[in-house]
Structures are given as C-alpha cells and as structure tokens.
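Structure record follows, encoded as structure tokens.
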Amino acid sequence: MDHDVVVVGSVNADLVLEVPRHLHPGETLLGRDASVLPGGKGANQAVAAARLGADVAMVGAVGTDPNADVALAELRRAGVDLAAVRRVEGPTGLAVVTLADDGENSIIVIPGANSTTDVAAVEAAASTIAGAAVCVLQAEIPLDAVGRAAHLAHEAGRRVVLNVAPACRLPLDVLRLADPLVVNEHEAAILLGADPGTAVPAEQTVRELAELGVGSVVLTLGAAGVVGLDATGTWSLPARPVTPRDTTGAGDAFVGALAVGLAQGDPARDAALLATRVAAASVQRLGAQLSYPWKDDPLP
Ligand code: RIB
C-alpha cells in the first residue's frame with residue numbers, strides 16, 4: 001500500500017474574524033482580531049490524520065496567490081504527500097470564519113482553486129486514490145468529482161470514508177460506497193430530505209441513513225457524542241467534557257482521526273473513540289489545523 005489514507009478534497013486559507021457575537025443582517029460590528037490560518041475540510045482531515053502518525057496523501061488544488069502558502073504550510077509540516085495537489089492560476093479557496101465569544105462559528109467558503117478538483121483531476125490522481133487503504137471524501141469540491149473518487153477507491157477494493165459536509169444531496173450510488181458515511185444531524189436531515197429543524201432521535205436517524213444502503217454510519221452530535229451503526233449493531237459514545245475555545249474544524253479532526261483508526265484495522269467504534277478524543281483536543285485551541293494534536297500529545 002502506498003499510503004494509509006488519501007484525502008480528496010478542499011484546501012483553503014481561513015480568514016478567522018474574532019467577534020463578540022454573530023452579526024445581524026445590515027449590522028456593522030467591531031471585531032477583536034483577524035488571522036489567516038490554514039483550513040479547508042479536506043486539508044484539515046489530511047493534517048489531522050498525518051499528525052497522528054498516518055502516512056497521508058492529499059489530492060486537491062491551490063491557486064497562485066499568497067494564500068496558497070498559508071494553505072499548504074501545515075500539510076507540509078505534517079509530512080502529507082502533496083504530489084497530487086495542483087497549483088492552478090487564480091485564487092486559493094478562501095473561508096471567512098466568524099468566531100464568536102461563545103465558541104460557535106459561521107463560515108462562508110469561496111471555492112477558488114477547489115472548483116478545479118473536478119472529475120478529470122480526480123482521474124489524473126487515480127493511482128494515488130487506488131494506492132491508499134482508506135479514501136476520505138467531503139463535499140467542498142465538485143460533487144461529481146467526489147462520486148468519481150468514491151468509485152475509483154471502491155473499485156480498487158479500498159475503504160471509503162464519506163463525510164457529507166457541507167450539507168448536500170449526493171446520488172445513492174455514491175452514498176452506498178460509504179463505509180462509513182459520517183454526518184452531523186443537520187447534514188443527515190438534508191441527505192434524508194427532512195426538515196433540519198425537526199428533532200429526531202439519533203438512533204432513528206442512523207437507521208434511516210443505513211436504510212439508504214450505506215456500508216455503515218457515524219452520526220456526530222457535538223457535545224452529545226456520537227452514534228454509529230455497523231455490522232456489530234448500533235453503538236454510542238459520549239463526547240469528552242471540555243470547554244470549547246473554537247469549534248472550527250472539530251468535525252474534520254474527528255474524520256481524520258477516524259480514518260487513521262480504520263486504516264490500522266480498528267473496529268469503527270474504537271476508531272470513533274479515538275476520533276472523539278482528538279476532536280475534543282481540537283476545540284480547546286484557536287483554528288482548525290493548528291489546534292490538532294500530534295501523535296504523542298495527551299488527549300482529553
Ligand atoms: O470544517 C472547517 C473548515 O470548513 C474550515 O477550515 C473552512 O476552510 C471550511 O472549509
């Protein structure tokens with residue numbers, strides 16, 4: 001196997017704006033601080049996995065602007081193989097992250113170079129995708145490219161971890177390659193065609209997701225923990241009790257760590273236990289990638 005994990009997805013620079021509270025429409029608000037940090041759901045997941053000691057490759061793209069170097073810095077530092085990250089004319093993906101005092105964030109993503117990670121780009125990276133034990137996918141690149149990557153990995157007999165974030169609808173033939181499908185409650189509701197505002201018991205949600213024909217399901221519930229469903233049945237794990245400073249990228253830390261556990265052959269529940277601890281560590285510091293623990297760091 002060439003790599004433990006390949007991540008096919010977005011690479012962003014995050015413009016993080018620290019504000020006392022979230023804006024109301026039409027309002028001007030004085031913020032406290034601004035920083036440009038490495039981000040992107042795909043790159044975050046790759047860094048999370050690599051910092052835990054996995055051998056990781058990234059498939060994606062950055063632009064020709066100065067943000068490209070910011071976006072690649074932590075991938076490089078964590079030793080991620082970047083041979084399949086293209087540099088394309090134009091801007092790097094940019095996320096504007098508004099972080100309020102309560103630790104909650106809201107994010108606007110301008111895809112930039114990520115929109116060139118299309119079906120052709122994925123096919124050009126086919127050998128990298130087929131050469132990793134676990135292929136990790138999200139939804140911040142064109143969705144037909146997500147589908148093509150899932151099929152390439154599956155045809156090569158590899159495990160597909162499909163994190164449908166941000167929330168979107170994916171075709172059933174793609175969802176059915178997921179083992180596991182990883183979503184939060186909002187993303188699950190969108191996938192199921194339900195109203196995201198309606199409270200549904202987590203066990204019912206994982207059952208309905210499993211009925212779509214996916215290999216297994218991991219439903220993340222934030223401070224309420226995780227519920228999973230696989231061949232062993234339904235299981236749940238509590239979240240680790242920590243005080244959040246910044247939740248940006250916590251879901252990505254979870255997915256990256258989950259992929260590491262699965263790549264080393266752990267059962268999904270054990271991999272999810274590691275992932276909850278890594279995600280808990282990540283919310284205690286500012287930023288996404290910069291907040292992720294390294295292999296020998298103590299975990300909550
Ligand atoms: O999941 C967090 C990430 O979403 C941020 O790093 C931002 O880049 C957006 O992609």
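When a ligand or atom number is given, it counts from 1 through the structure's own listing order. These figures come from a predicted structure and were not determined experimentally.
Comment: R32 engages D101 in a salt bridge, judged by a side-chain N to carboxylate O separation of less than 4.0 angstrom. Salt bridge present: R21 and E27 bring a charged side-chain N and a carboxylate O closer than 4.0 Å. Remark: D173 does not engage R148 in a salt bridge, criterion side-chain N to carboxylate O under 4.0 Å.
No donor-acceptor pair under 3.5 Å is formed between the side chain of D266 and the backbone N or O of A271.
The heavy-atom pair separating V146 from Q138 by the smallest distance is CG2-O, 3.2 Å.
Backbone and side-chain nitrogen or oxygen atoms of K41 are examined, and one is located within less than 3.5 angstrom of a nitrogen or oxygen of ligand 1. Inclusion of T248 in the set of residues having an N or O under 3.5 Å from an N or O of ligand 1 is not warranted.
Look at G251 and you'll find every heavy atom at least 4.0 Å from all atoms of ligand 1. Put simply, part of G40 is less than 4.0 Å from ligand 1, judged by heavy atoms.
Near E140, meaning under 4.0 Å from any of its heavy atoms, are these atoms of ligand 1: 4 (O), 9 (C), 10 (O). Those atoms of ligand 1 with a heavy atom of G249 less than 4.0 angstrom away are 2 (C). Distances below 4.0 Å separate heavy atoms of D252 from the following atoms of ligand 1: 1 (O), 2 (C), 3 (C). Counting the atoms of ligand 1 from 1 in the order shown, those under 4.0 Å from a heavy atom of D14 are 5 (C), 6 (O), 7 (C), 8 (O). Residue A95 has at least one heavy-atom neighbour below 4.0 Å for each of these atoms of ligand 1: 7 (C), 8 (O). Listed by number with element, the atoms of ligand 1 under 4.0 angstrom from any heavy atom of G39 are 6 (O), 8 (O).
In I108, the CD1 atom is not crowded: 12 or fewer heavy atoms of neighbouring residues, nucleotides or ligands sit closer than 6.0 Å. Residue H154 places its NE2 atom among 12 or fewer non-hydrogen atoms of other residues, nucleotides or ligands, all under 6.0 Å distant.
Evaluated for a side-chain hydrogen bond (donor to acceptor under 3.5 Å, both in side chains) with T92, the options N114, T64, D65 yield exactly one hit, D65.
Only the side chain of N44 comes within 4.0 Å of ligand 1, counting heavy atoms alone; its backbone N, CA, C and O stay farther away.
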